[in-house]
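Take a look at the structure set out below.
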Amino acid sequence: MANRYFRNMVILAKIQEDVGTYEAPAAATDALLISNATIGYDDQIVERDYLREFFGAAEQLIGDSPVNIEFEVELAGSGAAGTAPAWGKLLRACAFAETVSAGAHVIYNPITTAQESLSILYAVDGVTHRVKDARGTATLSIAPGSKPSLKFKFIGIEQADPEALANPSGVVMTAWKAPLPVAADNTGHILIGGTYAAGVVTGGTALPSIGVDLDLGGSVEFMALMGSSEVDITGREIKGTAKMRLEAAAEVTMFTDAKTVTTKSVSFKHGVGAGKIVQCYAPACQFGRPKYENAQGRLAVSVDMRLCPVSGNDELLIIVK
């Protein structure tokens, strides 16, 4: 028996035009550059539990089997301002809209209705799986000494039984750009109280940070129906954590803001140069009470963040430029 290898994996994803209709992604245009993949079926087990005159297991019935697909991608721009990044379609399947301003920037904002979904093909060393109607959520992470990342979790519906087929050939990854490492030359401070307009954040108080995590907080639900099944995003609460070093006065202000439920805008930016910048802006962030941490002997605080909408579907903008 020849060995088969986990790393011999190809995954392709394409925005699906119609719910319930699988659209085959192409190796030349839809390949994903991923790491830390976990893929499996979440079988809906039905117990038979019948009685007999002896002990022993009863066969189980397998009902619907949604597919769970998790992986990480590197957070980088497209290489050209105003061109969507390769991971943009993944974010679109997490209930985010994509707005392209040619030559300037691409903006992603959360949505409630008109959600999009993905058709996904993943091939693992000679076995091909096809998934339709995939929707998900993600976590964005930026911390010094690491690569910036988006960690996605999708749920989809099996299109057909797996097939013993050779992995797709002609895979093209040129749309995926290498990220800049999170470092002083590439990553700015957190800005509290800045103002956003037309893809640009101005003003605000700069606070040095040791890292930021944002959980996009989508509630992704699989529902089995008689005659069909569906995946839907039924809610959203975007939360996060920021680790910062604060002056005493700034720390006291943050305690006061937490107690009085005062919201302020928060933003941070990673990347330098056109086509390499990813910036996040939240207009109304509620901060929790700071918690003390030891950061290599320095005093740091960890602060929980809750991103609240102002007018609706605007609690977070992800700006790629």
Side-chain angles (χ1 to χ4, degrees), residues 9-34 36-46 61-73 84-98 108-124 127-139 150-163 165 167-168 171 175 215-238 313 318:
M9 180 186 297
V10 173
I11 182 166
L12 316 174
K14 180 181 181 180
I15 290 292
Q16 185 177 299
E17 294 298 327
D18 299 309
V19 173
T21 303
Y22 176 82
E23 296 188 32
T29 56
D30 299 314
L32 305 183
L33 184 62
I34 67 168
N36 299 322
T38 302
I39 301 173
Y41 291 80
D42 184 14
D43 294 330
Q44 310 294 292
I45 300 298
V46 180
L61 304 178
I62 298 180
D64 289 280
S65 298
V67 186
N68 295 328
I69 303 174
E70 301 182 17
F71 53 79
E72 179 178 329
V73 303
W87 44 265
K89 60 186 170 185
L90 304 178
L91 204 56
R92 289 166 60 186
C94 297
F96 272 70
E98 177 184 84
Y108 297 90
N109 66 276
I111 56 175
T112 298
T113 59
Q115 299 173 18
E116 296 185 281
S117 59
L118 292 170
S119 290
I120 298 175
L121 179 150
Y122 67 95
V124 186
V127 175
T128 294
H129 305 254
R130 298 175 181 87
V131 177
K132 63 183 178 181
D133 297 343
R135 289 177 170 145
T137 187
T139 301
L150 278 167
K151 299 174 184 176
F152 288 95
K153 295 182 179 181
F154 289 103
I155 299 176
I157 298 170
E158 185 180 39
Q159 163 65 15
D161 290 337
E163 292 185 85
L165 297 172
N167 285 11
V171 173
D215 182 352
L216 301 187
S219 299
V220 188
E221 300 290 343
F222 169 83
M223 177 175 281
L225 303 169
M226 295 172 63
S228 64
S229 55
E230 63 183 29
V231 177
D232 198 8
I233 299 174
T234 60
R236 177 182 63 247
E237 290 188 2
I238 304 179
N313 297 316
I318 300 178

Which pair of heavy atoms, one from [X] and one from [Y], lies closest together, and at what distance?
X	Y	answer
Ala86	Ala175	CB-O, 3.6 Å
Pro162	Tyr41	CG-OH, 3.8 Å
Val220	Ile155	O-CD1, 3.8 Å
Ala37	Ile34	CB-CD1, 3.8 Å
Thr113	Ile111	O-CD1, 3.4 Å
Phe96	Ile318	CE2-CD1, 4.5 Å

Look at the side chain of [X] and the backbone N and O of [Y], then say whether any donor-acceptor pair between them is shorter than 3.5 Å.
X	Y	value
Arg92	Leu118	no
Gln16	Asp133	yes
Gln159	Ile157	no

For Ile45, what residues pass the side-chain contact (heavy atoms from CB on, under 4.5 Å) criterion, not counting sequence neighbours?
Asp43, Glu47, Gln60, Ile62
Distance-only check: which donor-acceptor pairs under 3.5 Å involve side-chain atoms of residues 20-33, not counting sequence neighbours?
residue: Glu23; atom: OE2; partner: Glu17; partner atom: N; Å: 2.7
residue: Asp30; atom: OD1; partner: Lys89; partner atom: NZ; Å: 3.3
residue: Asp30; atom: OD2; partner: Ala26; partner atom: N; Å: 2.8

Measure the acute angle between the ring planes of His129 and Tyr122, then classify it against the limits of 30° and 60° as parallel, tilted or perpendicular.
parallel
Could you go step by step and tell me if Val19 and Gln115 meet the side chain to side chain contact (heavy atoms under 4.5 Å, CB included) rule?
CA-CA 10 Å; Val19 173; Gln115 299 173 18; over 6 Å; no
Do [X] and [Y] touch side chain to side chain, with heavy atoms closer than 4.5 Å?
X	Y	result
Ile69	Val131	yes
Lys153	Thr139	no
Arg130	Ser119	no
Ile11	Ile120	yes

Taking atom types as modelled and ignoring hydrogens, do the side chains of Glu163 and Thr128 form a donor-acceptor contact shorter than 3.5 angstrom?
no
Rounded distance [0.5 Å steps], [atom1] in [X] versus [atom2] in [Y]:
X	Y	atom1	atom2	result
Thr38	Glu72	OG1	CD	11.0 Å
Glu70	Phe152	CD	CZ	12.5 Å
Leu225	Glu230	CG	CD	5.0 Å

Evaluate side chain to side chain contact (heavy atoms under 4.5 Å, CB included) for Asp42 paired with Phe222, printing each intermediate quantity in order.
CA-CA 10 Å; Asp42 184 14; Phe222 169 83; over 6 Å; no
Check Glu221, Arg135, Met223 against Val231 for a side chain to side chain contact (heavy atoms under 4.5 Å, CB included) and give me the one that passes.
Arg135
Using side chain to side chain contact (heavy atoms under 4.5 Å, CB included), reason through Ile233 and Thr137 one step at a time and then give a plain yes or no.
CA-CA 9 Å; Ile233 299 174; Thr137 187; over 6 Å; no
